[in-house]
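Worksheet: the structure to be examined is printed underneath.
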Amino acid sequence: MKLNIKDTFNIELPADPNVENTRRQVKEACFSFVMPRKTSKPKIIHVSPEMLKKIGLTPKDGKSDTFLRVFTGNGILPTTKPYAMCYGGHQFGNWAGQLGDGRAINLCEVEHKKERWALQLKGAGETPYSRTADGLAVLRSSIREYLCSEAMFHLGVPTTRALSLAITGDQVLRDVMYDGNPEYEKGAIVCRTSPSFIRFGNFEIFAARGDIPNLKKLTNYTIKHFFPHLGKPSKESYLQFFKEVSERSLAMVIEWQRVGFVHGVMNTDNMSILGLTIDYGPYGWLEGYDHGWTPNTTDRQFKRYKYGSQPDIVLWNLYQLANALYPIIEETKGLETILAEYRASYNDQYLKMMRSKLGLFSNVEEDKLLIKDLEENLQLTETDMTIFFRNLGNYETGSPAKALKIVSYAFYVPSEVNRTVKEKWNNWFEQYDNRLLLEHSSSKERKVKMNRVNPKYVLRNYMAQLAIDDADKGDYKLIDELFTMLKKPYANQPENEKWFAKRPDWARHKVGCSMLSCSS
Ligand code: AMP
Ligand code: MG
């Protein structure tokens with residue numbers, strides 16, 4: 001197994017001089033060196049063939065002993081120096097101080113075909129940042145991260161990715177519902193990959209500590225490697241950097257809204273500086289379209305991170321990043337302009353995205369109203385988002401009276417579709433039909449375009465749970481089946497028709513399907 005190792009983060013940035021693996025506050029450093037913990041009986045249960053290729057490895061490499069050792073914590077590659085990053089963050093709206101990679105260990109960075117990939121083990125044991133926790137991850141949450149990050153990539157959503165999923169052979173104690181009933185679960189490690197795992201929180205920690213020299217070093221490093229077109233460090237390039245982070249974060253959240261992904265824990269330590277979806281924890285997919293839905297039980301009371309709030313939360317997080325960068329920019333006006341642009345730009349891009357889901361490609365002022373009415377209708381009675389939009393593609397112009405039938409499979413409780421609901425839908429379809437007359441494509445062409453933005457298959461919460469239940473019994477077939485299907489989320493896959501279905505009734509109130517805790 002030969003990787004083209006090109007470390008930069010742990011070479012160009014200041015290291016914590018303390019190399020002991022003890023929990024502590026780490027000052028004036030971007031990271032601490034730490035070795036992954038040895039695992040007792042590791043087994044790789046899945047490898048992403050696409051990711052293998054991306055980093056320059058062959059399928060044979062993926063089956064090698066070295067691969068097993070390196071990606072389960074039992075050995076490191078020559079010349080590499082694994083490390084955990086230091087970062088802080090705002091959690092649920094409050095400054096939480098130092099957080100850091102409490103259970104993620106970066107192995108190295110690899111360069112292949114001019115692309116850079118940091119390889120990081122999640123669940124590889126404690127680090128100086130583990131605080132009171134064990135540094136480990138369980139199979140349940142690892143399967144969820146592994147499957148979802150690759151699925152998001154294939155959906156076209158900016159995301160970190162995953163190379164491999166392994167069980168460690170060790171037992172990990174977790175209290176899933178935080179109700180005082182901890183149980184042992186199978187330990188697991190995901191090797192996740194990203195050009196960089198730097199978060200908003202990496203900048204915030206230096207700003208909070210008034211460590212401006214290191215704030216500058218980290219910003220210069222980030223620009224040099226990931227925003228090189230911005231040129232030499234200067235106040236102007238820092239401002240441009242913030243603008244690009246803002247634009248990328250906006251592009252990411254628009255895609256979340258498009259596919260119905262709810263992150264669940266949008267703390268600033270879970271915001272990638274590259275605008276990638278990162279840290280798959282208690283995330284979920286909208287089944288019934290609902291602006292007020294969040295999968296995260298910890299957030300059930302205030303619903304800070306509900307579907308409908310995600311774009312505003314990205315903006316809130318950008319404010320925190322702006323505050324963190326202020327000491328090296330020393331001027332608020334530019335930052336404020338960029339933050340103000342976010343909102344205007346969000347409205348434009350959301351409209352454009354929603355138009356595309358409806359098969360509308362010209363701009364008509366009234367579309368705003370059409371979309372607002374649609375959002376209201378979708379929340380009249382529990383209506384499956386994925387099925388609704390996918391089946392809407394079958395609509396033929398000039399037949400509004402038949403439209404409701406086309407989408408009726410999306411309704412969870414058909415008896416709730418009473419006269420009033422029907423009337424509202426029929427009215428909406430009349431408006432929609434009128435609007436389609438202003439488009440130039442035929443119904444057939446429109447369907448092709450709509451099918452490119454309205455996925456047929458997403459990783460519904462219950463599907464991941466079925467794969468988890470099987471895997472707990474040692475059967476990993478469903479992981480592979482879902483992994484393979486989710487590579488083509490927009491295609492019609494006759495052999496996978498059973499996954500184009502509403503959430504089954506048994507999953508409505510089941511832990512892991514409709515309720516997810518942060519325990520992972
Ligand atoms: P998260 O909510 O998963 O984004 O994690 C928030 C913080 O808690 C990060 O600093 C994580 O590294 C840390 N953390 C989460 N789970 C563990 C764990 N099992 N052991 C150590 N640190 C953890
Ligand atoms: Mg996190």
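Since the model is a prediction, treat every value here as computed from it, not as a measurement. We count ligands from 1, going down the list as the structure has it; atoms in each ligand are counted the same way.
- A salt bridge links E50 with K487: the closest approach of a Lys/Arg side-chain nitrogen to an acidic carboxylate oxygen falls below 4.0 angstrom.
- Looking from atom 21 (C) of ligand 1 to the surrounding protein, the closest heavy atom is G102 O, 3.2 Å.
- The two residues C518 and P282 make their nearest non-hydrogen contact at SG-CG, 3.9 Å.
- Because its NZ or CZ atom is both nearer than 6.0 Å to the ring centre of F153 and within 45° of the ring axis, R161 counts as a cation-pi partner of that residue.
- Residue contacts with ligand 1: Q91 is placed with no nitrogen or oxygen under 3.5 Å of a nitrogen or oxygen of the ligand (distance criterion only).
- Nearest protein neighbour of atom 13 (C) of ligand 1, counting heavy atoms only, is R131 NH2, 3.6 Å.
- For atom 18 (C) of ligand 1, the nearest protein heavy atom (residue, atom name, distance) is A133 CB, 3.4 Å.
- Closest N/O/S atom of D279 to the Mg ion (ligand 2): OD2.
- Metal site remark for the Mg ion (ligand 2): N267 contributes no N, O or S atom at a distance under 2.8 Å.
- Here's the thing with D101: none of its N/O atoms is less than 3.5 angstrom from an N/O atom of ligand 1.
- By the 3.5 Å distance cut-off applied to N or O atoms, V265 is not counted among the residues near ligand 1.
- Under the 4.5 Å side-chain criterion, counting only non-hydrogen atoms from C-beta, K502 is not in contact with E287.
- Considering backbone and side-chain N/O of G100, one or more are found under 3.5 Å from N/O of ligand 1.
- Among all non-hydrogen protein atoms, the one lying nearest atom 19 (N) of ligand 1 is D134 OD1, 3.1 Å.
- We find that R199 and D279 are joined by a salt bridge, their nearest charged nitrogen and carboxylate oxygen being less than 4.0 Å apart.
- Atoms of ligand 1 found under 4.0 Å from any heavy atom of S130 (numbered from 1 in listed order, with element): 21 (C), 22 (N).
- If you check which protein heavy atom lies closest to atom 20 (N) of ligand 1, you get G135 N, 2.7 Å.
- Using a 4.0 Å cut-off to heavy atoms of L99, the atoms of ligand 1 that qualify are 10 (O).
- Distances between N or O atoms of R103 and those of ligand 1 include at least one value under 3.5 Å.
- Remark: D312 does not engage R304 in a salt bridge, criterion side-chain N to carboxylate O under 4.0 Å.
- In this structure, atom 8 (O) of ligand 1 has protein heavy atoms in its sub-4.0 angstrom surroundings.
- Atom 4 (O) of ligand 1 has its closest protein heavy atom at N270 OD1, 2.9 Å.
- With a 6.0 Å cutoff to the six-membered ring centre and a 45° limit on the axis angle, R144 does not count as a cation-pi contact of Y280.
- Residues N74 and T39 have side chains that bring a donor and an acceptor to within less than 3.5 angstrom of each other.
- Those atoms of ligand 1 that come under 4.0 Å of a heavy atom in R174, given as number and element, are 19 (N).
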